[in-house]
Amino acid sequence: MKLRIVTPVALAAALALTTAACGGGGTSAQTPPEGGKSFDFWSFSGINQKASVEDYQTKNPGIQVKLTEVGSSVETAQALTTALAGGKVPDLVLIQGDDLPKFVQQPQNFYDLRQLGADKIKGDYLDWVMSQSSAKSGEIIGIPTDVGGMAVAYRTDLFKAAGLPTDREEVGKLWPTWDAFIETGKKYTAATKKAFVDNAGTSVFYQAVNQGPQKYYDPSGNVVYGTSPQVKTAFEYGIKAVQAGITAKQSSFSEGWSAGMGKDQFAVISAPSWMLNAIRSNAPGTNGKWDIATIPGGAGNWGGSYLAIPKGAKNPKAAWDYITKTQSPQGQLTHFVDSGSLPTTPSVYKDAKLTALKDPFFSEAPTGTIYTDSLLGLKPFYIGPDSSAIGQEFLNAITNVEQGKGDAAKAWDAALANIKTAIGK
């Protein structure tokens, strides 16, 4: 499921969303009765969760799922925090990976899924993904729905016009490193007088920072965002991309970004597996003009989500049934074939349905092998309770420079100061 990385809204907005979701208002059906087979489900917006719910209901007639799309992933986490404090919670909630650690630190707020059978199925999932939803005392509070293997989506027609190769293997060879990616961008921009990549924050910094063994925390859970070479190098790549003049300055998931990809405003988007649906939906007229190449550095993961059942849920068994049926290895494989959500279940990585899958929108790219290969060799890093907030401040600093509101020479120090203010350390 794709994640929407956006600037957090005011807490008042999150409170309003929570009140609406808990109060039974809106267009959804009434809250399912306690003890029934139906349940209340909170999800992000923008990921077409409705399709998954409708498919589940079709296969399980008589079960009613009250789906509330709370807002962005950040807004959903904020609303859940408020709901847990107030005691009115959904039966099932989707939590993005960067927001999960702060909930894992409070396992008493959730069902320990081992009590419902998680011990029997945890071996179906990538160990490092499963470990992120496990508390120090052993409780499992979430089952992973997807991971965000990384690649680069590019426009073959625009590359051809710029005199660059269009074959995906040759394109991948253009940028074995992020420095080479930026140099390729310079060549494209010089030839076309147009932007090469959508933005520096998510398409450069967010990718590079998710490729090494240590990010904002060390393996012991200590914050190291200010001293981590991986973070500093990734930040510098983002600033270099801005200074090279190769970005369209369109922040991911903004209206300008959505419209720009269909208007040839940029030729490249760093595309975790869940990003492909955003390209399809925002630029349907570019069908067949895109292809997918390897990410600089070859491997990495950006994104991934988990399904959790809050304590206080009225129908936890119904929610667990949804988890087990939709997130089984075959269930995740079906989701990938239908919507591109990359499975967290390695047993299906060699399944013919995955390996043989070719996407006509992306020039028949073998998306299954491209994205699962991007997970090979990945050394997972520790995600801490403030990873989301830390990443957002680094992104903000790069975006400020990109938009002409910040000084490149002072951006790193500004980001560190804002992070300290935001998380207190």
Side-chain angles (χ1 to χ4, degrees), residues 5 97-98 101 128-129 131-132 147-152 172 174-186 197 199-244 246-247 252 270 272 294-304 374-402 406-425:
I5 308 296
D98 275 358
W128 60 269
V129 176
S131 67
Q132 293 174 9
V147 283
M150 301 196 303
V152 176
L174 292 174
W175 50 59
T177 65
W178 284 104
D179 281 324
F181 179 85
I182 293 169
E183 288 303 313
T184 302
K186 289 180 180 180
V197 66
N199 64 73
T202 54
S203 272
V204 179
F205 169 71
Y206 263 7
Q207 310 307 302
V209 81
N210 281 304
Q211 291 184 300
Q214 181 174 286
K215 194 175 173 183
Y216 307 136
Y217 290 78
D218 68 18
S220 298
N222 303 304
V223 287
V224 294
Y225 62 85
T227 57
S228 169
Q230 177 182 333
V231 176
K232 183 67 180 294
T233 298
F235 188 87
E236 290 173 348
Y237 285 144
I239 296 297
K240 283 182 182 179
V242 172
Q243 294 177 318
I246 64 172
T247 79
S252 297
S270 285
T294 55
I295 196 85
N301 181 73
W302 174 27
S374 77
L375 296 175
L376 300 177
L378 177 65
K379 297 178 181 179
F381 45 77
Y382 182 92
I383 299 176
D386 292 309
S387 285
S388 181
I390 294 169
Q392 188 66 53
E393 292 300 341
F394 280 127
L395 177 66
N396 290 345
I398 292 170
T399 300
N400 283 340
V401 176
E402 190 172 50
D407 184 339
K410 299 177 180 179
W412 174 256
D413 289 338
L416 297 186
N418 289 337
I419 291 168
K420 189 171 184 178
T421 298
I423 70 172
K425 51 189 174 183

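Throughout, residue positions are numbered sequentially from 1 according to the sequence presented. As the structure is a prediction and not an experimental result, all values here were calculated from the model.
- Counting all heavy atoms, side chain and backbone alike, Tyr206 lies closest to Val209 at O-CG1, 3.6 Å.
- Once rounded to the nearest 0.5 Å, the distance linking CG of Leu395 with CG of Asn199 reads 7.5 Å.
- With hydrogens and angles disregarded, no donor-acceptor distance shorter than 3.5 Å links the side chain of Trp302 to the backbone of Gln211.
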Please set out all donor-acceptor pairs under 3.5 angstrom arising from side-chain atoms of residues 410-425, sequence neighbours excluded.
{"unit_1": "Asn418", "atom_1": "ND2", "unit_2": "Ala414", "atom_2": "O", "d": "3.3"}
{"unit_1": "Thr421", "atom_1": "OG1", "unit_2": "Ala417", "atom_2": "O", "d": "3.1"}

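- Contact between Gly172 and Thr294 at its shortest, heavy atoms only, is CA-OG1, 3.8 Å.
- In this pair, Tyr225 and Phe394 present their aromatic rings perpendicular. The plane angle is above 60°, beyond the 30 to 60° band.
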- [ ] Give the intermediate values and the outcome of side chain to side chain contact (heavy atoms under 4.5 Å, CB included) for residues Val401 and Ile239.
- [x] CA-CA 8 Å; Val401 176; Ile239 296 297; 4.1 Å; yes
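- Applying the salt bridge (charged side-chain N to carboxylate O under 4.0 Å, His left out) test to residues at least two apart or on different chains, none of the pairs has a partner in residues 219-229.
- The salt bridge (charged side-chain N to carboxylate O under 4.0 Å, His left out) analysis of residues 223-236, with sequence neighbours excluded, yields the pairs Lys232-Glu236.
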- [ ] Please assess Phe205 against Tyr237 for the test side chain to side chain contact (heavy atoms under 4.5 Å, CB included), listing each intermediate value before the final yes or no.
- [x] CA-CA 6 Å; Phe205 169 71; Tyr237 285 144; over 6 Å; no
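- Residues satisfying the side-chain contact (heavy atoms from CB on, under 4.5 Å) criterion with Ala151, sequence neighbours excluded, are Ile292, Ile370, Tyr371.
- Side-chain contact check for Lys240 versus Val204: every heavy-atom pair is 4.5 Å or farther apart.
- Between Gly97 and Pro101, the shortest heavy-atom distance links the atoms O-CD, 3.3 Å.
- Taking the side-chain contact (heavy atoms from CB on, under 4.5 Å) definition, one finds that Gln214 meets it with Asp218, Pro219, Val224, Ser228, Gln230, sequence neighbours left out.
- Partners of Ser270 by side-chain contact (heavy atoms from CB on, under 4.5 Å), not counting sequence neighbours, listed by chain and number: Val152, Trp178, Ser203, Gln207, Ile295.
- Residues meeting the side chain to side chain donor-acceptor pair (under 3.5 Å) test with Asn210, sequence neighbours left out: Lys215.
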Quick one: side chains of residues 383-390, donor-acceptor pairs under 3.5 Å with protein atoms, not counting sequence neighbours, listed by atom name and distance.
{"unit_1": "Ser387", "atom_1": "OG", "unit_2": "Gly384", "atom_2": "N", "d": "2.9"}
{"unit_1": "Ser387", "atom_1": "OG", "unit_2": "Gly384", "atom_2": "O", "d": "3.3"}

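- Glu183 is linked by a side chain to side chain donor-acceptor pair (under 3.5 Å) to Lys186, counting only residues two or more places apart in sequence or in another chain.
- Residues Trp128 and Val147 meet the side-chain proximity criterion, which asks for heavy atoms closer than 4.5 Å.
- Applying the side-chain contact (heavy atoms from CB on, under 4.5 Å) rule to Ala200 yields the partners Ala241, Val242, Thr247, Ile398, Glu402; only residues at least two apart in sequence or on another chain are considered.
- Residues satisfying the ring pair (Phe, Tyr, Trp, His ring centres under 6.0 Å) criterion with Tyr217, sequence neighbours excluded, are Tyr382.
- Residues satisfying the side chain to side chain donor-acceptor pair (under 3.5 Å) test with Gln132, not counting sequence neighbours, are Tyr306.
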